[in-house]
There are 4 protein chains.
Amino acid sequence: MRSDSSRPGRTFLEEARRAQIVACAIDVLATEGYSRATMARIAEQAQVSKSVIVYHFGTKEKVFDQVVAEVFQTATVDLVPRLDAAKTPRAKLGAYIAGRVGFLASHRAHMLALFEIWMNLRNEDGTLRMSESDAESTVDAVEQLLRAGQASGDFGQFSPRVMAMAVRQAIDGVLLQLRHDPALDLDEYANELVELFDRATRRRR
Amino acid sequence: MRSDSSRPGRTFLEEARRAQIVACAIDVLATEGYSRATMARIAEQAQVSKSVIVYHFGTKEKVFDQVVAEVFQTATVDLVPRLDAAKTPRAKLGAYIAGRVGFLASHRAHMLALFEIWMNLRNEDGTLRMSESDAESTVDAVEQLLRAGQASGDFGQFSPRVMAMAVRQAIDGVLLQLRHDPALDLDEYANELVELFDRATRRRR
Amino acid sequence: MRSDSSRPGRTFLEEARRAQIVACAIDVLATEGYSRATMARIAEQAQVSKSVIVYHFGTKEKVFDQVVAEVFQTATVDLVPRLDAAKTPRAKLGAYIAGRVGFLASHRAHMLALFEIWMNLRNEDGTLRMSESDAESTVDAVEQLLRAGQASGDFGQFSPRVMAMAVRQAIDGVLLQLRHDPALDLDEYANELVELFDRATRRRR
Amino acid sequence: MRSDSSRPGRTFLEEARRAQIVACAIDVLATEGYSRATMARIAEQAQVSKSVIVYHFGTKEKVFDQVVAEVFQTATVDLVPRLDAAKTPRAKLGAYIAGRVGFLASHRAHMLALFEIWMNLRNEDGTLRMSESDAESTVDAVEQLLRAGQASGDFGQFSPRVMAMAVRQAIDGVLLQLRHDPALDLDEYANELVELFDRATRRRR
DNA sequence: CATGAATGAGCCTTCATTCAT
DNA sequence: AATGAATGAAGGCTCATTCAT
């Protein structure tokens, strides 16, 4: 039940270095963007030589993989309890939106970094590296939630898939907004979004 | 009243070359992503030597500037008539959403290219190159629309700014979706989004 | 006895264009230096397309050849009468120095351009392009002058060759000085140099 | 008291590489000239990949900066003791001229390299990069020397500034001569120059 | 465990020159 | 007589990665 991210026999110190490097990678990605997130710059941020990163990760790609894993893990830990606390589908939907936007507020860099990688990391053949593994599961969860709400009569009629996508995309959009306007009032934003989707999922009068 | 994009004394042939190069840049950006959209690859796509691009544009940056201009222009030409055709605020909102999603369907590469640039093009100091010039104007337009609808009693109470942002972001989100699932049924998507925001903007019963 | 620089059957207009281009090349060389004296920049200075230069000269190298010829010609025309006017060896030496420095004052760009080419133009094998053709003849002339002065008892004992070189180099040095200090008082400089070499060539008391 | 040029914590090996590269840069500058002194050619001369130079210096400009520093340093070390050994102003002047010309003989490449940079290195705006920082100090030193000699009655009346410039320029001129005639007898040249300026600075009979 | 050193592929750009018109 | 279009070679530089220590 403990340390589930450190798979093989990694020293405590090793794990610390990796965490530090991942944290710095996140910072650089968030503030400088994908194309400027070079090994050199990450190393500099970590006050460490480039080789240290190579030593611990082997490849830039693997650093980014770990960034993604770290963000997912952090987001999950943050979100799940909030969802569990809500009982009705409608409450759960509100908790999900508010939770995700809240996470944006408290972990701006995490989400920006994830987004940069999401947008830009590609396989050698040019295809996008990330897609289903994550988004699907997230969207799926919301979709299930919506379906359950429709079954129980809490929600009206609409395509659960499209609504789920819209929810996710609206939230991701907040992030984009945040890039240009760091002073954005996320609380108000969260409330309004909750309200928005509350109305959108309501049963026809 | 015609050709308003070809400012100085540009030959017909030159304009053609420029258009061709811009088109190829759009293709490469859309299919290969920002970081692989190099002069070399764009030139290859255009079956032309790198120098040709330099000759006609001077700089990679200027090619991308032109890509942005081209997409904006195309999108505007596509959207404005649709908006004008709609009379009521509610109809206008629906026309806007449907129009924008429809444009995604007919000009996938255009929008993907724009997005890549949007996300990645930065000034030398690391700050993002694009932000207000466009997004603002777009969001502003929607915001005005929503305000007008509220004033006329067509829409209920909500923050026009947040709702406008949500609309825009939801649409942008479709694009992201499209990156991973090219077979996405955009018609259904458009209808559902129209419906979604139709409900979300409704007056409390 | 007429037009001796326009060898083959060149139109008057042709000759004018060539002269214009050479003049512009001189300007660019003088103000921007050798490495920035590109075809493009020379053409721009002449308000003409690059191709015009190619058409009239065939090669950048040939433009520079013409620049050299032009400067030599102009300098010779300027200097010879002054020399002829002086009668004694000592007067001739003074006239030479004053004349050359005076030419620097009236034709700064000419001499700077010449100097840039002198310093930088090389053959394909890397060897310097210019050397004997000019310097030698100039230095030789001064050397003869000095020898004549020694023979007639006007000058004292010294190596005519070294003294001649020193004279030439001192004058060239003024040019270098001029590069950094355009406001240099060349009249004073000329007087002092004349005086200097007057003393240096004097017979031991 | 040792190694005062290796400012930060530079390895012995690093310093060696840097020295090697600077030496090769000097060679290439001296034999091939400024415009052919490219990263590629310097690297080739050093039997090393271009990247090594970048790794150790970051920029071509910085390589050249180091070349300049190296030449200055070497020249100073060579010259100062000679000057100190001479006691009278007249002796000092002779020592200076002979010393500088001697240095040309023993460090031809050094001086040629410096000269190439001096002549050609420019700032982005096209203005010459080098000028006062060094030349001034050199010329100033000679000027002081001459003034002192005039004050003490060792020298006659003349403009110390112009005479100092003439001295410097005459010496620099030797270098130009050397470019075209590598077999030049510098000893004779030095003696004659010393003699020349000895006479030129003498008091009127 | 960490590092400095080195490398090669690739990037954007400059430039003299060629060619068809 | 002049030009626009195009090109290939080369230039300086960035960067992920390899390697010996």
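Naming: A, B, ... by sequence-line order, numbering from 1 per chain. No experiment lies behind these values; they were computed from the predicted model shown. Note that these values count all heavy atoms, side chains included, but never hydrogens, waters or copies made by symmetry.
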Notebook entry, point to check: What closest approach, in Å, do C:Lys62 and C:Phe57 show between heavy atoms, and which atom pair accounts for it?
Noted result: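 Scanning both residues completely, I find the closest heavy atoms to be CD-O, 3.2 Å.
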
Respond yes when some side-chain nitrogen or oxygen of [X] is under 4.0 Å from OP1 or OP2 of [N], and no when none is.
| X | N | answer |
| --- | --- | --- |
| D:Arg10 | E:dG4 | no |
| D:His56 | E:dA6 | yes |
| C:Tyr55 | F:dA2 | no |
| B:Thr11 | F:dA5 | yes |
| D:Arg36 | F:dA10 | no |

Which of the following nucleotides, [options], is nearest to the side chain of [X]?
| X | options | value |
| --- | --- | --- |
| A:Lys50 | F:dA2, E:dG8, F:dT17 | F:dT17 |
| A:Ser51 | E:dA5, F:dA1, F:dA6 | E:dA5 |
| A:Ser49 | E:dG4, E:dC1, E:dT18 | E:dG4 |
| C:Val48 | F:dT3, F:dT7, E:dT13 | F:dT3 |

Check: Watson-Crick or G-U wobble partner for F:dA16, using a 3.5 Å limit on both distances?
Finding: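 The base-pairing partner of F:dA16, which may sit in any strand shown, is E:dT7.
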
Notebook entry, point to check: Across all strands shown, which nucleotide pairs with F:dA10 by Watson-Crick or G-U wobble geometry, both distances under 3.5 Å?
Noted result: E:dT13

Check: When you match D:Ser35 and C:Val52 each to their closest nucleotide on DNA chain F, which lands nearer the 5' end?
Finding: C:Val52

Note to self: Both B:Gln47 and D:Met39 contact DNA chain F. Which one's nearest nucleotide lies toward the 5' end?
What the structure shows: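 First, find each residue's nearest nucleotide; the 5'-ward one identifies B:Gln47.
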
Could you tell me the separation between the [atom1] atom of [X] and the [atom2] atom of [N], rounded to a whole number of Å?
| X | N | atom1 | atom2 | answer |
| --- | --- | --- | --- | --- |
| A:Leu13 | E:dA2 | CG | C1' | 13 Å |
| D:Glu15 | E:dA5 | CD | P | 11 Å |
| B:Phe64 | E:dC12 | CZ | C1' | 12 Å |
| C:Glu44 | F:dT3 | CD | P | 14 Å |
| D:Arg18 | E:dA6 | CZ | P | 13 Å |
| D:Ile21 | F:dG12 | CD1 | P | 14 Å |
| A:Lys62 | F:dT17 | NZ | C1' | 12 Å |
| B:Gln20 | F:dA5 | CD | C1' | 13 Å |

Check: Taking the six-membered ring of D:Tyr55, is the NZ or CZ of A:Lys50 close enough (under 6.0 Å from the centre) and on axis enough (within 45°)?
Finding: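 No; the conditions do not both hold, so A:Lys50 does not lie above the ring face of D:Tyr55.
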
Notebook entry, point to check: Atom CG of B:Leu121 and atom CG of B:Leu114: how far apart are they, to the nearest 0.5 Å?
Noted result: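 Answer rounded to 0.5 Å: 11.0 Å.
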
Check: B:Thr38 near the nucleic acid: base, sugar-phosphate alone, or nothing, with a heavy-atom cut-off under 4.0 Å?
Finding: sugar-phosphate

Note to self: For a quick check of understanding: with a heavy-atom distance under 4.0 Å over all strands, which category does C:Arg41 fall into, base, sugar-phosphate or nothing?
What the structure shows: sugar-phosphate

Note to self: Both C:Thr59 and A:Arg17 contact DNA chain E. Taking the nearest nucleotide for each, which residue is further toward the 5' end?
What the structure shows: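 Residue closer to the 5' terminus by nearest nucleotide: A:Arg17.
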
Notebook entry, point to check: Salt bridge check: are B:Glu32 and A:Arg122 linked by an N-O gap of less than 4.0 Å?
Noted result: no

Check: Under 4.0 Å between a Lys/Arg side-chain N and an Asp/Glu carboxylate O for A:Glu15 and A:Arg18?
Finding: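 Salt bridge between A:Glu15 and A:Arg18, a charged N being under 4.0 Å from a carboxylate O: yes.
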
Notebook entry, point to check: Can you say whether the rings of A:Phe64 and A:Tyr34 are parallel (under 30°), tilted (30 to 60°) or perpendicular (over 60°)?
Noted result: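 If you compare the ring of A:Phe64 with that of A:Tyr34, the planes turn out tilted.
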
